[in-house]
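The structure appears below as structure tokens.
For ligands, and for the atoms within them, numbers begin at 1 and follow the listed sequence.
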Amino acid sequence: MTPQRRDELTREAQATLRANDRGGYTVPTAGLYPFQWDWDAAVTALGWITFDEPRAWEEFRWLLKGQWTDGPQDGFIAHIVFHERSESYFPGPEEWGTPKTDPATSSISQPPLHATMLRWMWQRARDKALAAERLREIVPAIARHHAWWYRTRDPQATGLVMTIHPWETGRDNAPSWDEALARVPRATRPYRRRDLDHVDARQRPTQDFYDRVVYLMDFNRAVNFDPVAIAREGPFRVIDAAIVFILHRATTDLLALADELSIAIDAEPLRAAHARTAAAWPSLWSRAQGLFANLDLVSGALIDQPVNGGFLAWYAGVEAPAQANTLAAWLEEAPYGVPSTRVGAKTFDAQRYWRGPVWQHMNLLIETGLRECGETALAERVRASSLALFERSGFHEYYDPLTGAGLGGTTFSWTAASWLWLQG
Ligand code: DGY
């Protein structure tokens with residue numbers, strides 16, 4: 001890539017974040033996603049820290065305005081915080097029907113990237129005084145969020161937290177959830193999707209998917225958001241290897257940050273949960289795929305679908321030499337990797353959201369993990385793919401792994417942020 005193209009992309013990325021800034025939080029992209037999303041916010045803050053440090057910390061402060069503080073759900077951070085009204089998205093706050101909080105939120109969470117992104121931001125921040133001040137405020141709230149995950153999503157202390165909604169995995173329509181979701185009834189009430197006002201239907205989840213995820217949203221409301229009932233009777237309960245790895249890595253980073261900055265948190269239960277997870281993840285290994293896989297808690301079966309979530313093992317610090325061969329093979333098959341579903345799998349669809357397309361923030365996490373585990377050559381290949389996509393197509397929501405064409409939303413915040421972070 002020429003230095004001119006590099007500078008142009010950096011200018012565009014900064015302009016994208018500025019355009020998506022709503023005065024303290026960043027929308028993923030205008031229209032399609034008009035609120036603040038949890039894991040988007042964490043990645044987007046990485047972009048802000050490269051050129052506006054005070055603004056980067058604000059992203060977390062705004063996300064935490066939606067944190068729940070009461071009873072059994074203490075520490076919960078929602079996957080959407082509805083800071084403002086908007087008619088351009090379904091489902092909005094009334095659909096979720098969550099207890100009255102200000103701002104209103106959804107009733108499910110999302111992959112808990114926060115502590116890791118915060119630690120990376122701390123390491124890169126130039127204004128250490130400001131960073132320390134913000135972290136003293138943010139880290140205890142994130143510690144409560146980790147406690148929420150371990151307490152409500154692993155009530156039997158197995159070491160593997162469960163996920164109760166495909167939207168909670170962040171990788172909504174990954175083929176991994178097909179079978180588990182097929183058992184969930186379809187919602188019969190009328191509703192109108194808004195996503196198709198913004199994006200071609202061939203790039204979005206199907207109607208059947210929406211009917212079932214709406215049913216799951218309504219189920220949470222019907223049981224009054226009781227985490228015990230959800231964990232016991234929820235119609236969709238899976239172990240998502242990606243969430244397990246992301247939470248594990250984040251707990252490592254949370255404990256390290258608290259230690260380094262002498263921030264008081266309730267560390268002992270987190271350490272114990274962390275140790276349980278490290279003992280439990282070998283059960284997620286899929287010999288068929290040569291990859292860490294997901295588990296269906298309702299049927300008890302390992303979900304043998306070739307999806308990219310398992311490649312976050314390195315990010316969690318897991319040495320996975322057999323998986324390195326698998327990733328190398330995937331990269332041979334996809335001119336622009338890492339595809340979200342393996343090219344050639346029966347379930348692969350090059351354009352449909354999480355059933356094939358490449359997501360740049362996933363590439364960033366996978367690459368970082370590989371590098372930290374000494375898999376330098378593979379890390380370089382993933383980075384080369386990411387750079388080729390940025391150069392060819394700019395900052396889309398996701399990309400076709402075969403052609404490199406940009407798909408989904410445009411001028412996308414976490415994609416722009418991933419570029420800025422990669423530039424160092
Ligand atoms: C959507 O609406 O597609 C989001 O991914 C849900 O969080």
Side-chain angles (χ1 to χ4, degrees), residues 20 25-44 63 66 76-83 86-98 103-113 163-177 181 184 187 191-221 236 238 240 242-243 246 307-309 340-341 349 351-362 396-399 407-410 412-415:
N20 291 341
Y25 72 96
T26 317
V27 298
T29 188
L32 179 62
Y33 301 120
F35 309 111
Q36 190 180 28
W37 263 258
D38 179 358
W39 75 323
D40 291 71
V43 177
T44 299
L63 184 70
F76 169 77
I77 297 176
H79 97 297
I80 307 177
V81 185
F82 299 104
H83 293 292
S86 170
E87 297 308 318
S88 69
Y89 180 82
F90 169 88
E94 293 78 18
E95 300 282 341
W96 289 95
T98 42
T105 71
S106 69
S107 69
I108 57 172
S109 197
Q110 246 180 357
L113 291 170
T163 308
I164 54 93
H165 196 296
W167 282 338
E168 192 167 81
T169 70
R171 299 176 335 283
D172 307 3
N173 66 338
S176 310
W177 321 135
L181 203 54
V184 173
Y191 65 90
R192 187 165 89 73
R193 288 174 67 172
R194 302 294 159 92
D195 56 320
L196 303 183
D197 299 346
H198 310 284
V199 174
D200 186 324
R202 284 168 303 187
Q203 298 172 22
R204 289 289 303 173
T206 62
Q207 191 55 43
D208 183 69
F209 171 90
Y210 260 80
D211 286 348
R212 296 176 201 272
V213 294
V214 167
Y215 178 93
L216 288 171
M217 171 175 70
D218 293 350
F219 173 87
N220 277 9
R221 184 181 197 162
F236 179 93
V238 298
D240 173 11
I243 287 206
I246 286 171
V307 297
N308 65 349
S340 45
T341 300
D349 180 338
Q351 303 218 331
R352 201 181 288 282
Y353 213 36
W354 287 93
R355 300 181 79 86
V358 183
W359 293 72
Q360 291 281 27
H361 71 293
M362 289 294 288
H396 280 261
E397 186 178 7
Y398 42 94
Y399 305 81
L407 302 168
T410 53
F412 217 82
S413 294
W414 67 1
T415 314

For ligand 1, note which part of Y353 has a heavy atom under 4.0 Å away: side chain, backbone, both or neither. side chain
Quick one: does W177's side chain get under 4.5 Å of D240's, heavy atoms only? yes
Flag H79 as yes when one of its N or O atoms lies below 3.5 Å from any N or O atom of ligand 1, and as no otherwise. yes
Ring pair (Phe, Tyr, Trp, His ring centres under 6.0 Å) partners of H83, counting only residues at least two apart: Y25, W62
Determine, for D349 against R202, whether the closest basic-nitrogen to carboxylate-oxygen distance falls under 4.0 angstrom. no
Closest non-hydrogen protein atom to atom 2 (O) of ligand 1, residue and atom name please, with distance? Y89 OH, 2.6 Å
With D40, which residues qualify under side-chain hydrogen bond (donor to acceptor under 3.5 Å, both in side chains), at least two apart? none
For D172, state whether at least one heavy atom is located under 4.0 Å from any atom of ligand 1. yes
Of all the atoms in ligand 1, which lie at a distance below 4.0 Å from a heavy atom belonging to R204? 1 (C), 2 (O), 3 (O)
Does ligand 1 have an atom that lies less than 4.0 angstrom from a heavy atom of W37? yes
Cut-off 3.5 Å, side chains only: do Y191 and D211 have a donor facing an acceptor? yes
